[in-house]
Amino acid sequence: MNIGLTSTPIKQLNKTRQAQTPIATALVEECKLNRIALDVPGHKGVFTPLSEYFGERAVALDKNSRPEIDNLTSPTGVIKEAEELAAEAFGAKHAFFMVNGTTSAVQAMVMSAIKPGERIILPRNVHLSVINAVILAGGIPVYVDPGVHEEFGIPLGVSEEDIISAIESNNEARAILINNPTYYGVCSSLKKIVELAHKRNMQVLVDEAHGTYFYFGNGLPASAMSAGADYSAVSIHKTGGSLTQSSVLLIGAGVDKEYVRSIINLTMTTSASYLLLASLDIARKTLALEGNKLIERVKQRVNNAVNAIKEIPGFTPLTAQNTVVNKAVFAFDSTKLAVNTYKTGLTGIEVYNLLRKEYNIQLEFGDISNILAIPAIGDGFDYCAKLVDALNDISKKYSREEKPAYVYEYIKPIVKIPPRDAFYYPKEKISITSAKGRISGEYVTCYPPGIPLLAPGEVITDEIIGHVEYAKKKGCKIIGGEGESNYISVVK
């Protein structure tokens, strides 16, 4: 196995075309016209309180849809051109610009792929937005064990064997959803999963929130589109340089573009932010023209940090070498920097808080056993080197007796009634400790890492109750289940 390598070379793009920014250029030209504004937004591009806070240019560029700058709900001009350029850059049939966050892209692809009552196969370690999308679609989730990395205590990908078993047991399923990669950089055998699914006429949906670099960097896992997937939701804002809340939904050759657009417009705002749209336009241009060079810089900084952290007592970085040793892992994203902390005697949450308070370093998160840093192309300085220095200091000053490693416990959910039914059924609040055997009417999510322990429609078991109590003691925040009050909504 070629660990971490793409299945196909990075696509060679037409640099002249990709140097264009239709939306960003048209927006600037529109501002130059200095039209008398008797439309929305109410700040009119000149409202002093906003201008003083955000800057005059940002406020001036915040326009409403006009003929010269197109309309996101039914683009025929510069937005259409920008989406076509993005499709070329990502190797997709079409790219939809999304300004309601990647959550809206996930919702759109799930609602496009399944209809009420239809089954969708997915790993349990999906983002909450995926299960929310299944509720909106009225679908029935079929969960696959994501596998566990026992040393690091984290959920992994899904094995080919488990996918085959899920497909054979659910021939009527309409779709399969895969994380590519997980938060920690773990990838499943995506191309093989696509082949298996397509043989059974199942569509493949990919949550590629953290996979932007796969399209533009060499030596990284295969992207969803290169693997032949039908849909992919890509969070350009997470690592690709666009503004927060901006994203793209990619579709493959066999997907009906107009149908997907109609699904998107069910939940998409009709007042799209042109700041977000222009940022997608500019980020795509940068990735297309300079992406590989910028990503190589990220990879080198992470690699240097990994090698340095290996020498720090108590800390163990997650790497391809210690990760791709499980059937649930096919490849590893070498731009991620996850570090296990348990040999220091500290939880990941404790190290996360120390880094914030004592060293002025903000990480993505700390969980019970690990911390996660996300270096990106916007890093003007080698922040990874600062992190290494801080971890060295923490190891010397704060280490204590080593604790037993926490192992992520996959609790197979028992889906008793469809999630959408449970979401709308009458409910009552009872103590979590007395909820054994009842059907949950809400989510209970342990954050970090943000994977639901319970979703609407699932049976509450002793295992789940025990896990909630354990996670609270270790400093995790419980989302849902009334948090600290220990109550949960159950179906009457």
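One-based numbering along the sequence shown.
- With rounding to the nearest 0.5 angstrom, the CG atom of Leu363 is 8.0 Å from the CG atom of Leu372.
- For Tyr424, the OH atom sits in a loose shell: 12 or fewer heavy atoms of surrounding residues, nucleotides or ligands are nearer than 6.0 Å.
- For Lys293 and Glu290, the salt-bridge test passes: some basic side-chain N is under 4.0 Å from an acidic carboxylate O.
- Expressed to the nearest 0.5 Å, how far CG of Leu27 lies from NZ of Lys32 amounts to 11.5 Å.
- Rounding to the nearest 0.5 Å places CD1 of Ile163 at 4.0 Å from CD1 of Ile178.
- With rounding to the nearest 0.5 angstrom, the CG atom of Leu13 is 10.5 Å from the CG atom of Leu287.
- Between Ser226 and Ser223, the side chains place a donor N or O and an acceptor N or O closer than 3.5 Å (distance only, hydrogens not considered).
- Two residues are said to be in side-chain contact when any heavy atoms from C-beta on lie closer than 4.5 Å; Val351 and Leu391 meet this criterion.
- Formation of a donor-acceptor pair under 3.5 Å by the Thr323 side chain with backbone atoms of Ala320 is not found in this model.
- Using modelled atom types and a 3.5 Å distance limit, the side chains of Asn14 and Gln18 yield no donor-acceptor pair.
- Contact annotation: the side chain of Asn180 approaches that of Phe214 to within less than 4.5 Å [non-hydrogen atoms, C-beta and beyond].
- A salt bridge links Glu30 to Arg35: one of the charged nitrogens lies within less than 4.0 Å of a carboxylate oxygen.
- A heavy-atom distance below 4.5 Å is found between the side chains of Pro375 and Val302.
- Asn64 and Pro41 get closest at one heavy-atom pair: N-CD, 3.9 Å.
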**Request:** With side-chain contact (heavy atoms from CB on, under 4.5 Å) as the test, would you mind laying out the steps for Ile264 and Leu249 before giving the verdict?
**Result:** CA-CA 10 Å; Ile264 288 172; Leu249 172 61; 4.0 Å; yes
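- Here the closest heavy-atom approach between residue Tyr184 and residue Ala338 is recorded as CD2-CB, 4.2 Å.
- Residues that satisfy the ring pair (Phe, Tyr, Trp, His ring centres under 6.0 Å) test with Phe96, not counting sequence neighbours, are His94.
- Among residues two or more places apart in sequence or in another chain, the ring pair (Phe, Tyr, Trp, His ring centres under 6.0 Å) test is passed with Phe216 by Phe90.
- Smallest separation of non-hydrogen atoms from Tyr143 and Ile131: OH-CD1, 3.8 Å.
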**Prompt:** Can you list the steps and then say if Leu280 with Ile282 is a side-chain contact (heavy atoms from CB on, under 4.5 Å)?
**Reply:** CA-CA 6 Å; Leu280 283 170; Ile282 294 166; over 6 Å; no
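- Under a 3.5 Å cut-off, the side chain of Asn179 and the backbone N or O of Asp207 do not form any donor-acceptor pair.
- Heavy atoms only, all atoms of each residue included: Ala26 and Val78 are closest at CB-CG1, 3.8 Å.
- Counting all heavy atoms, side chain and backbone alike, Pro181 lies closest to Cys187 at CB-SG, 3.6 Å.
- Residue Asp39 is tested with Lys44, Lys63, Arg66 for a side chain to side chain donor-acceptor pair (under 3.5 Å); the sole match is Arg66.
- Side-chain atoms of Tyr231 and Val255, non-hydrogen and from C-beta on, do get closer than 4.5 Å to each other.
- The salt bridge (Lys or Arg N to Asp or Glu O under 4.0 Å) check on Arg57 picks up nothing, with sequence neighbours excluded.
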Name the atoms and distances for all side-chain donor-acceptor pairs under 3.5 Å in residues 237-244, with sequence neighbours left out.
| from | atom 1 | to | atom 2 | distance (Å) |
| --- | --- | --- | --- | --- |
| Lys238 | NZ | Ser235 | OG | 3.3 |
| Ser242 | OG | His237 | N | 3.1 |
| Ser242 | OG | Ser246 | OG | 2.6 |

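- Few gaps surround NZ on Lys15; more than 12 heavy atoms of other groups in view lie less than 6.0 Å from it.
- Side-chain contact between Tyr183 and Glu364 is present, with heavy atoms from C-beta onward closer than 4.5 Å.
- When all heavy atoms of Arg284 and Ala86 are compared, the pair lying nearest together is CG-CA, 3.9 Å.
- In Lys80, the NZ atom is not crowded: 12 or fewer heavy atoms of neighbouring residues, nucleotides or ligands sit closer than 6.0 Å.
- Judged by distance alone, with hydrogens and angles left aside, the side-chain atoms of Asn125 form no donor-acceptor pair with the main-chain N or O of Thr182 at under 3.5 Å.
- Between Asp379 and Arg297 no salt bridge is recorded (no basic side-chain N to carboxylate O distance below 4.0 Å).
- In this structure, the separation between CG on Leu136 and OG on Ser129 is 10.5 Å, given to the nearest 0.5 Å.
- In this structure, a donor-acceptor pair under 3.5 Å is present between the side chains of His198 and Asp230.
- With contacts defined as side-chain heavy-atom distances shorter than 4.5 Å, the pair Leu85/Pro22 qualifies.
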**Item:** Check against side chain to side chain donor-acceptor pair (under 3.5 Å), Glu56 and Ser51
**Value:** CA-CA 5 Å; Glu56 292 181 1; Ser51 298; 5.8 Å; no
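- In summary, the side chains of Gln203 and Arg174 do not present any donor paired with an acceptor at a separation below 3.5 Å, with no hydrogens or angles considered.
- Taking CG of Asp281 as the start and CD1 of Ile23 as the end, the distance is 4.5 Å to the nearest 0.5 Å.
- Side-chain N/O atoms of Lys429 and Ser489 include a donor and acceptor closer than 3.5 Å.
- Ion pair Glu195/Lys191 not flagged as a salt bridge, since none of the NZ, NE, NH1 or NH2 atoms sits closer than 4.0 Å to an Asp/Glu carboxylate oxygen.
- Taking 4.5 Å as the limit, some side-chain heavy atom of Pro456 sits within range of a side-chain heavy atom of Tyr443.
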**Request:** Evaluate the criterion side-chain contact (heavy atoms from CB on, under 4.5 Å) for residue pair Leu220 and Tyr215; output intermediate values, then yes/no.
**Result:** CA-CA 9 Å; Leu220 291 173; Tyr215 292 90; over 6 Å; no
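- Classification of Asp333 and Lys336 as a salt-bridged pair holds, one side-chain N sitting under 4.0 Å from a carboxylate O.
- Side-chain contact between Lys357 and Tyr352 is absent, with no heavy atoms from C-beta onward closer than 4.5 Å.
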**Message:** If you apply the rule side-chain contact (heavy atoms from CB on, under 4.5 Å), what do you find for Ile295 with Lys299, and how did you get there?
**Reply:** CA-CA 6 Å; Ile295 294 164; Lys299 287 166 59 180; 4.1 Å; yes
Indicate every side-chain donor-acceptor pair of residues 105-120 with a distance under 3.5 Å to a residue at least two apart or in another chain.
| from | atom 1 | to | atom 2 | distance (Å) |
| --- | --- | --- | --- | --- |
| Ser112 | OG | Ala108 | O | 2.7 |
| Glu118 | OE1 | Lys115 | N | 2.8 |
| Arg119 | NE | Glu172 | OE2 | 2.9 |

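- Side-chain N or O atoms of Glu458 include none that pairs as donor or acceptor with a backbone N or O of Ser440 at under 3.5 Å.
- Sequence neighbours left out, not one pair with a member in residues 10-67 passes ring pair (Phe, Tyr, Trp, His ring centres under 6.0 Å).
- Judged purely by distance below 3.5 Å, without hydrogens or angles, the side chains of Ser232 and Glu208 pair a donor atom with an acceptor atom.
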